[in-house]
Colleague: 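Here it is: the structure, laid out below.
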Amino acid sequence: MAQLTMIEAIQNAHDLAMERDDRVVVYGEDVGYFGGVFRCTAGLQQKYGTSRCFDAPINESGLIGTGIGMAAYGLRPVVEIQFADYMYPAYDQIVSEAARLRHRSAGDFTCPIVIRMPTGGGIYGGQTHSQSPEALFTHVAGLKVVVPSNPQDAKGLLCAAIEDPDPVIILEPKRLYNGPFDGHHDRPVVPWKKHELGEVNDAYYTTEIGKAAIRREGQDVTVLAYGTMVHVALTAAQETGVDAEVIDLRSLIPLDLETIEVSVKKTGRCVVLHEATKTSGFGAELSAQVQEACFYHLEAPIIRVTGWDTPYPHAQEWDYFPGPARVGAALKSVMKEH
Amino acid sequence: MAQLTMIEAIQNAHDLAMERDDRVVVYGEDVGYFGGVFRCTAGLQQKYGTSRCFDAPINESGLIGTGIGMAAYGLRPVVEIQFADYMYPAYDQIVSEAARLRHRSAGDFTCPIVIRMPTGGGIYGGQTHSQSPEALFTHVAGLKVVVPSNPQDAKGLLCAAIEDPDPVIILEPKRLYNGPFDGHHDRPVVPWKKHELGEVNDAYYTTEIGKAAIRREGQDVTVLAYGTMVHVALTAAQETGVDAEVIDLRSLIPLDLETIEVSVKKTGRCVVLHEATKTSGFGAELSAQVQEACFYHLEAPIIRVTGWDTPYPHAQEWDYFPGPARVGAALKSVMKEH
Amino acid sequence: MSNSVPLTLHVPEPGCRPGDTPDFSGFEVPVAGETRRPDPLTAPEDIRDLAFSIVRVLDDDGEAKGPWAGTFEKEALLDGLRHMMTLRTFDDRMLRAQRQGKTSFYMQHLGEEAVACAFRLALRDGDMHFPTYRQAGLLIAGGYPLTTMMNQIYSNAADPIKGRQMPIFYSAKDHGFFSLSGNLGTQFVQAVGWGMASAISGDTKIAAAWIGDGSTAETDFHSAMVFASTYKAPVILNIVNNQWAISTFQGIARGNATTFAARGHGFGIPAIRVDGNDYLAVHAVARWAAERARSGHGSTLIEHVTYRSGGHSTSDDPSAYRAKEEGHSWPLGDPIERLKAHLISIDAWSDDRHKQAEAEIQDEVRFAQKEAEANGTLISGPAPSPRDMFEDVYAEMPPHLRAQRQEAGF
Amino acid sequence: MSNSVPLTLHVPEPGCRPGDTPDFSGFEVPVAGETRRPDPLTAPEDIRDLAFSIVRVLDDDGEAKGPWAGTFEKEALLDGLRHMMTLRTFDDRMLRAQRQGKTSFYMQHLGEEAVACAFRLALRDGDMHFPTYRQAGLLIAGGYPLTTMMNQIYSNAADPIKGRQMPIFYSAKDHGFFSLSGNLGTQFVQAVGWGMASAISGDTKIAAAWIGDGSTAETDFHSAMVFASTYKAPVILNIVNNQWAISTFQGIARGNATTFAARGHGFGIPAIRVDGNDYLAVHAVARWAAERARSGHGSTLIEHVTYRSGGHSTSDDPSAYRAKEEGHSWPLGDPIERLKAHLISIDAWSDDRHKQAEAEIQDEVRFAQKEAEANGTLISGPAPSPRDMFEDVYAEMPPHLRAQRQEAGF
Ligand SMILES: Cc1ncc(C[n+]2csc(CCOP(=O)(O)OP(=O)(O)O)c2C)c(N)n1
Ligand SMILES: Cc1ncc(C[n+]2csc(CCOP(=O)(O)OP(=O)(O)O)c2C)c(N)n1
Ligand SMILES: [Mg+2]
Ligand SMILES: [Mg+2]
């Protein structure tokens, strides 16, 4: 066991996966010699050589396009997109190719690629270093989509993704890289060192893709969250005193509807959180599914607390971010409904 | 007044818009000399010359990228993407650039571009000629998204889009180009000639973007639909005898929530339809919004009837398409709930 | 600079449209045998001239000429002729099947048969092609069963991809034929990745990427060039310039460049043009490029100069945008006729044997068709189950898909 | 072909990494004045050599040499020197402001000042630049107020773009400076569209596109080349090759090509390399390309050869990936020193006047900074209202945004 940051946990997962399986290759922009702008691949090139971990041209479409070719050959490419905001040039290769290769060839070819990308705001990154595009992946049949909220899961989900026979998108909330950020941006940073989920097993392990984790049990309202919003939710529950059950989805596709359903049927209330823009965000899907599965148990409307339908602003970042005040208000308001 | 097909109505809208405003330029793959693979731009090059209507290289990103430059210059580019399935290479330019130009420059630069694309299945087009990617646009702040269901609206919405100061995506259900297809693929094609919405005013006119149309008034259940599914809904209502109120959304962003809300509060029931894959489809957003706005009026869960979460298959097209049988069953089932 | 002359938009136009008389006089046809054949390991900057010539082996009399000749045994050439004839016959019958409503769509190879057929024989089993929809010759020359191809075209119960894709979107891993995509260009860079993977693995296999003239404009073309150049990937990058992209002539994608092959120069990738209607030339150039790739010298860009004699697909009517006679004026002739003339000139073939072969191939294709139709066509007979639709979205079906399949009632 | 040797992946490496001694001996520096200056309307295929040389005017002694010299009046050159000095001082103060926490981020131009400053003066008011984040010289040379630039950097109450974008993402339509995007490469093809629009409209304006060496790998680079080539768009396509893309040396994007400029050849676009640290050379080449564009001869690709002496941004520490001394060994020197030496050599300038100018510029920049800080910084003082966030998503605010703004309570 070691206390790791999320960055260290991700680096460690790469390392162990490369060690046990020489089909694993890691590449991306600044990923090789330098070890990535967030250092998630630090030391890998030195350890495994330039043909297992290398710098790539700045061409996201080419990153994924070549990765698909490698995966079809039989390798296990792990590709880093420097920021999720820069995945759009690769979107065609992801949607039209990686996601559909198994289906369109009836399993003749497959595409076990892992695509990692830092996501979310909170670092004054403005509209091109802050986005949360998960809903653009959850709409695409054939992709799995996971979002870790802590070092333990970051390692286990990455290892599971590399083993997975299908393409997996990992959205890594960059604001969590160094600590369990709860939205109180004006308070000192809490490091992972002090957090139980920063305690990471040294050995190789996987975290099952498709299983949610209940981070806080509660009776009054179910909160569905992932990534950074898990920590915001926990803080908001504590601050408001609302006895919320906080579910960390971890995997958006496949979704652990069972865990969600049990919880909402128990609490009768549901609040859905994400940082992405509201309209057609993944929160809409969660709201729709909860409503379909638990209609007769709902005592209040399902509320979504999300980023606004605007580009992520630079100076007004904290007016955009759905922080503990907004989440707390939602918890209280949903409790007031009869 | 003339009886036009949807193709003719779209061609006519281009023609009138180009005639009254020489900032309007039209281009795309096979759009110039040949007039488009669906003939929606037939005759325009002959009438307005090669610098107003021209063939373009097969590069969707370049189509939109150059269009953004033209729009920023002050022109009114209308770009055809040959099939909506081929818009992905252009997705970065649409999302990162067209959608955000006004906001990021605080109005210093704007992007009045119109992007047309045939959408939907029903022509044995398989997974790359059948997609309905509207939800990938509705999630993006800064875009307007419209889907005409008939020649009258196709003309009016295109003219309105060209006048609009912001980027507008027009998804044209290709299965409606030649007639009001209702999902009964095994029956003879009904032409627009026999349909009142095929009667198109000769003059230039616009249809307001953001206003839904009630295609059938009813008391029992509100059906939210757009494009081809409007006709499927009308047929399913007739076949089942369920007194459905069928709302043709026409515009997804902005959404006419007012019309929806009034209707659902009246009927207490709601069925949402689309052809796109279910998860994170626009139906999820509709379901979430209806639930938020009408929770205390709902007598039954909101049901979604959509395409399955698989690629659009070739041979099993009609097993995939949410036709009148599935919609009818949903209408009846939602009426059975207490 | 006093020039304030109003600018105008330059829009390239083809030499001829319906009603015009075709004129290929501007199209320079090098004399067969005249283009040099440098050592395949020559540095790219020393062979830039190859991008502005056209490698041709067969002259107008069917004689094989020059340094690119002689890569083939006679027996192999007879096979080659048969492959091309089979492909043409196959096309013809499938076109008809489509018109008879037995399937939804078809695309033919008329006039371009030499390109894929000759290329295939220069590569080895185990190498991987990333083809476009116009390289079924790779399958036929590689011995893939005609019946299986037809099963796919009919989306019938024996279709190896279970009716999921449109006709001709084959997938045949064991035959080195990557699953076809409807999205133009995407596979071009995937081939580079496959080649990189072979190099990463210390393997000896190489990849072949395929793209049309029109599709070189796609952004994935650039991605492929960049990655191939940087990592010296063992991949042959093939552009099939058949002069048209649906209704759009090649000048719209080529722009102001002299040739498509020249695109390679900006990447330090050797580029070469070849007479795509000359079976011998295509094969020789393919072998040359394969040797380069296998010896660790990286990629080669090949522009196959040919002509799409038919419509783009069964949905297309070319008479709306090009002169009907254009195909007949095409200066590089017909690939089958040219190889046939060569074989006759070397006394390996005769008109009679040709006719006989035609009849045999007709029978063979007709037989395959019968066999395939016994498995059903798109509109009748056995078909893949709708249940299948939900399979292979993932290796293991997740709960939401299981629920949907149940809801669908299959 | 008997070669079944296992393949290996080729991964390009820079000549030097931390700990190594920099070695630019492989980098050929042509003698100043020796590269020919063909007529700007020469056909692209007749000037391919220009992509493999480097146009240089100033020699090591500060003398202006050869056919590209003489495009400038003395007065204009003094302005040019001042622009570069101002930019460097501006960078220096804003770097410090960032370190003081007054804003979140900054990117400097150290060593590359000549490129944008000299280029700007070759274009006219009304022309439009589509810059990257490293062309603030366009604004300074164009007379855009320093205070306004700082207002943007501080995201303060007077920021013309209302705090919406990260520092240095300026937008200044009236100064021919297109709104900056954080997405690399996207603007390169937009510039082509802007130029096409000018041609469509019968206008006389031209566009200038800008991209970094690393970003030429992006797919939008290809789109720009394709559309510029096809429609002969009046646009100058600038590649600023400053040798690095964050931690990645230019060889990863360039691959096996000899130069980035050579990328033009595959499109029939004339390509030329210029010493980016030579103010006179950049200006001369820019004028040459502008003349081409204005006279309807279409695009030119310019590779500005320079060196990024500073870190990539305030988030970057280059000592982790390149030798500290590399910048000092860079053979093309410092653009300010070189122009200064030239002006002294022609008796238009002196060390004293230089020092005096430095002091004046310091004052000017400091004064602007004070003025800007009176409007607030990112962390204190007046700021744009959060209400603003909801504006300009659309020209007219749709109901759902009105509702959200209300919910936000602004
Ligand atoms: C991304 C994408 N854009 C557009 C299309 C529609 N389309 C199909 S084939 C074709 C023309 C391709 O021409 P070319 O590359 O020359 O190949 P050819 O058909 O001549 O073999 C077009 C535009 C597509 N399939 N994919
Ligand atoms: C689409 C996209 N991918 C990645 C990035 C991250 N990124 C920002 S700057 C940069 C390096 C650019 O290098 P270069 O083009 O050489 O320009 P320079 O910084 O040297 O001026 C990278 C990778 C980005 N901004 N956009
Ligand atoms: Mg073609
Ligand atoms: Mg650079």
Colleague: Report the distance from atom OH of D:Y231 to atom OG1 of C:T8, rounding to the nearest 0.5 Å.
Modeller: 14.0 Å
Colleague: Hey, could you give me the OG/CG distance between C:S198 and D:L7, rounded to the nearest 0.5 Å?
Modeller: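 Going from OG on C:S198 over to CG on D:L7, the span is 5.0 Å.
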Colleague: May I ask you to test the D:F267-C:R263 pair for a side-chain heavy-atom distance under 4.5 Å?
Modeller: yes
Colleague: Would you mind telling me which of D:A199, D:G255, D:G296, D:A197 has the largest number of heavy-atom pairs within less than 4.5 Å of chain C?
Modeller: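 When all of D:A199, D:G255, D:G296, D:A197 are compared, D:A199 has the most.
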Colleague: Grab the two heavy atoms, one from D:A257 and one from C:S229, that are nearest each other, plus how far apart they are.
Modeller: N-OG, 3.9 Å
Colleague: So for D:A228, is it side chain, backbone, both, or neither that comes closer than 4.5 Å to the heavy atoms of chain C?
Modeller: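 For D:A228, there is no contact with chain C at all, as no heavy atom is under 4.5 Å.
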Colleague: Could you tell me the separation between the CG atom of D:D220 and the OG1 atom of C:T219, rounded to the nearest 0.5 Å?
Modeller: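 Nearest 0.5 Å value for the CG-OG1 distance: 8.0 Å.
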Colleague: With side chains defined as the heavy atoms from C-beta onward, is the minimum distance between D:D203 and C:P6 less than 4.5 Å?
Modeller: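 In short, these two side chains do not touch, never coming nearer than 4.5 Å.
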Colleague: What is the distance from atom OG1 of C:T258 to atom CD of D:E45, rounded to the nearest 0.5 Å?
Modeller: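 So the gap between those two atoms works out to 6.5 Å.
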Colleague: Measure distances from C:A271 to the heavy atoms of chain D and classify the residue's part below 4.5 Å as side chain, backbone, both or neither.
Modeller: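 Answer is neither: C:A271 stays 4.5 Å or more from chain D.
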Colleague: So which residue, D:G195, D:A261, D:A262, ends up with the most heavy-atom pairs under 4.5 Å with chain C?
Modeller: D:A262
Colleague: Does the side chain of D:P12 come within less than 4.5 Å of C:T230's, by heavy atoms?
Modeller: yes
Colleague: For the CE atom of C:M196 and the CG atom of D:L9, what is their distance to the nearest 0.5 Å?
Modeller: 5.0 Å
Colleague: Against chain C, label D:S201 side chain, backbone, both or neither, depending on which of its atoms sit under 4.5 Å from a heavy atom there.
Modeller: neither
Colleague: Parallel, tilted or perpendicular, judged at 30° and 60°: which one describes the rings of D:H222 and C:F221?
Modeller: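 Ring orientation, 0 to 90° scale: tilted.
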Colleague: Decide yes or no for C:V5 and D:S295: does some side-chain heavy atom of the first lie under 4.5 Å from some side-chain heavy atom of the second?
Modeller: no
